[in-house]
Amino acid sequence: MKILVAVKRVTDPDARIRLNADATGIDMTGVEYKVNPFCENAVEGALQLRDAAGGEVVVVSIGPEEVDTYIRTGLAMGGDRGIRVPLEDENLDSDVVARVLAALVAKEEPELVMLGKQAIDGDNNQVAQLLAGYLGWPQACFASEIALSDDQQSAEVTREVDGGLEVLNVGLPAVISADLRLNEPRYASLPGIMKAKRKTIDVYEAADLGVDTTVKVRVLKLESPPERAAGIKVDSVDDLLGKLRNEAKAL
Amino acid sequence: MIGWADLINDDERAIQDMVGRFVSTHCMPRITKDFEDGQFADELIPEIAKLGVLGADLQGYGCAGISPVAYGLACHELEYCDAGWRSFVSVQTSLAMYAIWRWGSEEQKQRWLPDMAAGRVIGCFGLTEPDHGSDPSGMKTHARKKGSDWSLTGNKMWITNAQIADIAIIWAQTGSDSGGIRGFIVERGSKGFDVLSIPHKLSLRASHTGAIHLDDVCVPEENRLPDAQGLRGPLACLNNARFGVSFGALGSARFCLERAIEYSVERKQFGVPIAQKQLIQAHLADIITEVVKAGILSIHFGRQKASRTLLPAQVSLLKRNNCRMALESARICRSILGANGITTDAGILRHALNLESTYTYEGTHEIHTLVLGEALTGERAY
């Protein structure tokens, strides 16, 4: 089975971030990128399915040359080869990403596309759904468990929904997005990292793929969350109840 | 923080990142208790082997073949947690495996190295003796020809991993007719081979440290390392290990500095964070300066190691500088945390105590001083 899995780089979630001068993005000076954690779950999920069913895992990312690092991480974990489509971050929205991926699907003809359920920077949670729409494929988002049928024609996907679990049966080819509970991503071993150096990463220009890269969503303005005001001390339980009742209206 | 981001390549960064993740997930959460209980996390050995850290800088035989700098960065991340972790890996990789890789026969390499890389066979390295530390040439342990085999008798002391080792690389005097000091692979379970724990340590508590007693231990000729002759045999291994020790010490220093910075920002005295006090800032500025200098020097010498131009005296310089720098930094960081710095929870004094060992082992600070003196003047003072 051939599986296409996409990875996205995101700002280091542990870094202290500042807005750029015109407040339309993050000031990346001195801030590092990390792989989006949900994408790591997607890679691990793809590797597990390939290890069980055979086939190939193709690790894809969109971005400048630096994103090769994150494709290589996927290859070091066990991915077979990589593809990068060079587009700058400011020229991307969820829709462009979905259209690029749809074009890659047309070229690579995988039986399954695995994605993280969302990226922890924009938290958009749109690419998997848009991609399934463009392809006309079934989608199973927020997968916490995937079981491939014996004939590899369908997959039973457990997804976490409010108040319980939902089990879907999707015919392949399909798009599945991974939740954190899907698995625990493996470490890329040191020999794996060395081997990944010799795996190929093909670069496909969006124009050559015939993708319309018009951005539909523009970020107008970002704001930092308001500073949290200092708390106060109360003298008695009655005081506390009074404030909760009259000021906070919490009771 | 150390300022080496631009000096390392993508693989090296990925390797540092992976080892760092392993350490923060598996080693960090338990290190305080392991140190207090005086135990090493033996059950994590298969996990760290799976990561490919054991023998990582060696070529072939199931080893990853990473660059010296990448291996140094792995050591750095391990010791960011605890020097006990880095010592375990150093001894397995740079002493035991390297001894076989460098001085062993093809059969010995095939037989031992893949299993050692996979963590199925643990090795230790017996050079130091109760009465011979800095002066190994005077070692009492001897090997006598006994038919086609050898008989080893003697005592080895301060041996990391001794209690869990399946094989020990034992260095023994064979007499001038047989080439002087020779190395032997002694298998656990050999008759007359005993290991004792060295208890009551205040340093490297989360690490196995033992003494090895050899009483007429029969070692077959095929377990002698054929290519090692004289003190050069063990010293080449030590020289190799000192490189990892140097990167490791930086990890300890980085840990202590990060904690001291965090603490100084949070801790209020006289109504303000102590980070606003100039004496605290001066301490932090001094430490980061030393850490950055040592970090850049380590990378530079790592590149030389890769191109085989690194001289033993340069390794002495690096080991001496980094271990002293880390120990002094740890002590100052402890003082920044005041009384809170003496708890095991803070971790800084644990690092400082460990650094008392790294300051001394793999060539004492003093001997490295004299090696540098000799390199500069041609006069040997040890």
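Owing to the predicted nature of the structure, the values given are computational and were not obtained by experimental measurement. Letters A, B, ... are given to chains in the order of the sequence lines, protein chains preceding strands, and every chain is numbered from 1.
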Could you measure the distance from the [atom1] atom of [X] to the [atom2] atom of [Y]? Nearest 0.5 Å is fine.
| X | Y | atom1 | atom2 | value |
| --- | --- | --- | --- | --- |
| B/D17 | A/T73 | CG | OG1 | 7.5 Å |
| A/M77 | B/M18 | CE | CE | 7.0 Å |
| A/K197 | B/D10 | NZ | CG | 10.0 Å |
| A/L190 | B/I48 | CG | CD1 | 9.5 Å |
| A/M194 | B/C63 | CE | SG | 12.0 Å |
| A/R72 | B/R13 | CZ | CZ | 13.5 Å |

Any chance [atom1] of [X] has more than 12 other-residue heavy atoms, nucleotides or ligands included, within less than 6.0 Å?
| X | atom1 | result |
| --- | --- | --- |
| A/Q48 | CD | yes |
| A/E184 | CD | no |
| A/E65 | CD | no |
| A/R18 | CZ | no |
| A/K199 | NZ | yes |
| B/E43 | CD | yes |
| B/K277 | NZ | yes |

Which heavy atom of A/I193 sits nearest to which heavy atom of B/D11, and what is that distance?
CG2-O, 4.0 Å
Looking at every heavy atom in both A/P191 and B/G52, which two are closest together, and how far apart are they?
CD-CA, 3.8 Å
Does any backbone or side-chain atom of B/A14 lie under 4.5 Å from a heavy atom of chain A? Answer side chain, backbone, both or neither.
both
For each of A/E32, A/E40, A/K34, tally heavy-atom pairs with chain B at distances under 4.5 Å, and name the one with the top tally.
A/E40
